[in-house]
Trainee: 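Sharing a structure, written as structure tokens. Questions coming.
Lettering of chains follows the sequences in order, A, B, ..., and the numbering in each one begins at 1.
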Amino acid sequence: MNSESAYITGSCIIRHNKVYGNGGLLWEAGQELELPEFLRAGYDRFSGQYPKFHKMDALSKLGWLAAEVLLKDTRVPLLPPEQVGMVLSNRSSSLDTDLRYYATVKDFASPALFVYTLPNIVMGEISIRHGFKGENTFFVSDAFDTALMSSYPAQLLAVTPLQACICGWVEVMEQQYEAALFLVENKPDGMARPLTAEALSSLYQTNK
Amino acid sequence: MSDLKAQIIEQLNLQEITPENIGNDQTLFSKDGLGLDSIDALELIVLLQQHYNIRIANPEEGPKIFHSVRSMAEYITANQTAKA
């Protein structure tokens with residue numbers, strides 16, 4: 001299924017309070033920082049000027065931050081909004097936020113938490129930030145499924161108008177987190193390598 | 001009104017805004033004002049219930065009540081007085 005005209009052109013991996021871009025370490029925060037503080041520091045380091053970030057749940061903040069790093073200096077902002085899609089996945093869905101929301105219900109149910117009780121909201125936040133209007137899908141699986149995350153985006157690039165697709169893994173459960181986002185395109189660019197399960201797995205395992 | 005501004009900032013998680021940044025008559029929901037959205041409106045309703053034990057009986061009053069910090073403060077004062 002993997003298309004010969006689908007390429008991995010960029011990556012961003014965030015784990016262990018470190019941010020990697022295209023395989024290289026871009027930034028390392030203190031290991032003592034808990035996830036909320038780490039995400040805020042990452043926002044200050046890589047973005048800023050987007051107050052809505054502070055209202056997001058941890059899953060959306062993590063995915064949003066990874067997308068900021070992934071898309072910097074790429075041609076993606078120049079593409080038609082309808083031609084940029086997203087296929088993301090994780091293990092815990094939105095359970096981390098679901099539990100936080102549930103804890104508010106017995107007092108005053110929080111509308112601000114409720115809107116994040118779906119895992120695909122992270123794709124909405126990324127789409128709003130960058131204006132993307134292409135197809136998007138969120139999968140829940142035990143582990144990062146490199147076969148699915150290579151074949152499905154490749155098929156989207158082959159049979160739909162998409163020229164670029166963000167794919168990968170965005171997981172948050174309490175203090176455990178990991179983001180591994182990959183930019184796949186129908187034209188080689190940057191660190192381009194053919195989109196295969198093996199290539200995704202190799203990039204995902206780097207610095208693990 | 002300073003306390004109310006601080007409560008709004010905390011309730012809505014407006015981390016890059018201080019009470020001094022919010023004008024008493026600044027519109028809360030227009031883009032040239034504070035730029036709040038529909039979820040923020042729900043959070044403001046929760047704020048009134050949590051902090052002032054005030055329930056908005058008529059939803060159509062919402063735009064008038066939440067026009068600005070001053071209009072919110074006036075609504076709170078009037079309703080607390082009415083309850084006293």
Trainee: What pair of heavy atoms forms the shortest contact from B:V46 to A:P111, and how long is it?
Mentor: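 Taking every non-hydrogen atom into account, CG2-CD, 3.9 Å.
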Trainee: Looking at A:K208, I'd like to know if its NZ atom is crowded, meaning that more than 12 non-hydrogen atoms belonging to other residues, nucleotides or ligands lie closer than 6.0 Å.
Mentor: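 Result for NZ/A:K208: enclosed.
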Trainee: Nearest 0.5 Å please: distance from the CD atom of B:E16 over to the OH atom of A:Y50.
Mentor: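 With rounding to 0.5 Å, CD (B:E16) is 12.0 Å from OH (A:Y50).
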Trainee: What part of B:Q11 gets closer than 4.5 Å to chain A, counting heavy atoms only: side chain, backbone, both or neither?
Mentor: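 Contact with chain A: none, neither part.
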Trainee: Taking everything shown except A:Q49 itself, do over 12 heavy atoms lie less than 6.0 Å from its CD?
Mentor: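 12 or below, so no.
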Trainee: Which distance, rounded to the nearest 0.5 Å, do you find between the NZ of A:K52 and the CG of B:L14?
Mentor: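 The distance works out to 12.0 Å.
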Trainee: Any Lys/Arg nitrogen of A:K55 or B:D40 sitting under 4.0 Å from an Asp/Glu carboxylate oxygen of the other?
Mentor: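 Answer for the salt bridge query: yes.
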Trainee: Crowded around A:E174 CD? As in, over 12 foreign heavy atoms under 6.0 Å?
Mentor: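 Atom CD in A:E174 is not crowded, with 12 or fewer foreign heavy atoms closer than 6.0 Å.
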Trainee: Using non-hydrogen atoms and a 4.5 Å limit, figure out which bit of B:I17 sits close to chain A: side chain, backbone, both or neither.
Mentor: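 No part of it gets close to chain A.
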Trainee: Can you name the closest pair of heavy atoms from B:E43 and A:S110 and give their distance?
Mentor: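 Minimum heavy-atom separation between B:E43 and A:S110: OE2-OG, 3.1 Å.
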Trainee: Around A:E37, counting heavy atoms of other residues, nucleotides and ligands shown, do more than 12 lie under 6.0 Å from its CD?
Mentor: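 Yes.
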Trainee: Just how far is it from atom CZ of A:F108 to atom CG of B:L42, taken to the nearest 0.5 Å?
Mentor: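 If I round to the nearest 0.5 Å, the distance is 14.0 Å.
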Trainee: Under 6.0 Å from the CD atom of A:Q205, do we count more than 12 heavy atoms belonging to anything else shown?
Mentor: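 Correct, the count exceeds 12.
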Trainee: Can you establish whether the number of heavy atoms outside A:F114 located under 6.0 Å from its atom CZ is more than 12?
Mentor: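 At most 12 heavy atoms, drawn from other residues, nucleotides or ligands, come within 6.0 Å of this atom.
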